[in-house]
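Residue numbers run from 1 in the order of the sequence given. Just follow the structure's listing: the first ligand is 1, and inside any ligand the first atom is 1.
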Amino acid sequence: MPELSVIAIDGPAGVGKSSVSRVVAAALGYSYLDTGAMYRAVAVFMGDAGISDTDSTAVAHALIDLHLVLAPSEDGSARVLINGLDITNRLRSPEISLASSRVSALPPVRQKLGAMQRQIGETGRVVAEGRDMGTVVFPDAAHKFFLDAKPEIRARRRALQLQAMGQRVDEAEILREIIQRDRQDSKRRIARLRPAATAVIIDTSDKTQAEVVRMIIDRVRAA
Ligand code: DC
């Protein structure tokens, strides 16, 4: 059963899933699958094509022409290519964050990306990170974790991260975006954000990244 070597890590926006998942994957010698980047890539593609990300029929049609590739890069994350074009540097803007959340509510998008994600999972030894890894895409994953923290704490962390990168930040704006995405991602009809029944829930509010990583690795190794 290939899904047995999948570690599913889900949780809301800005909780630190990506950094934690990358470190866990590197420590265990697994590959890292950032499914949020795939939804973000679809949002970029639809935006460039002038297609409304709430028009399910138009999006479904446009998806036929979307060839999405995740190419491994040196730091363990992936370069994201759509139809041969590297759009990795465009994935992280606040506009694309909100657009990816909207487009991810559409069934044809989830169908296409879910199938790709399962295919990648079949290669085994994957840390898969997103919103529905443990509930929908890899229901038989060997390990399921759900990271959580209050929106204010997530916004503060994101602001500090951006500041450290030399960017000017508006923490109140970041908080608004996080709350809006939480609402959209957890209220939608399909694959909504929620912990899998058997997920280990980790409240990261008072924990460092290293502590969260350690908790996950200890659980995996103990099994
Ligand atoms: O993890 P992220 O912030 O990069 O994800 C961007 C958006 O993509 C998120 O707001 C909801 C959507 N998403 C999803 O619906 N399912 C996933 N497995 C991953 C992301």
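When heavy-atom distances to ligand 1 are checked against 4.0 Å, the residues falling inside are Thr35, Gly36, Tyr39, Arg40, Arg92, Ser100, Ser101, Ser104, Arg110, Glu129, Gly130, Arg131, Asp132, Met133, Arg181, Asp185, Arg188, ordered by chain and number.
Partners of Arg219 according to the side chain to side chain donor-acceptor pair (under 3.5 Å) rule, which considers only residues two or more places apart in sequence or in another chain, do not exist here. The salt bridge (Lys or Arg N to Asp or Glu O under 4.0 Å) search around Arg22 returns none, not counting sequence neighbours.
Side-chain atoms of Ile153 and Thr204, non-hydrogen and from C-beta on, never get closer than 4.5 Å to each other.
When hydrophobic side chains of Ile, Leu, Val, Met, Phe, Trp and Tyr are connected at separations under 4.5 Å, Leu81 ends up clustered with Val69.
Salt-bridge check for Arg181 with Glu177: passed, with a basic side-chain N closer than 4.0 Å to an acidic carboxylate O.
Val137 and Ile120 fall into different hydrophobic clusters, where Ile, Leu, Val, Met, Phe, Trp and Tyr residues are linked whenever their side-chain heavy atoms come under 4.5 Å apart, directly or through other members.
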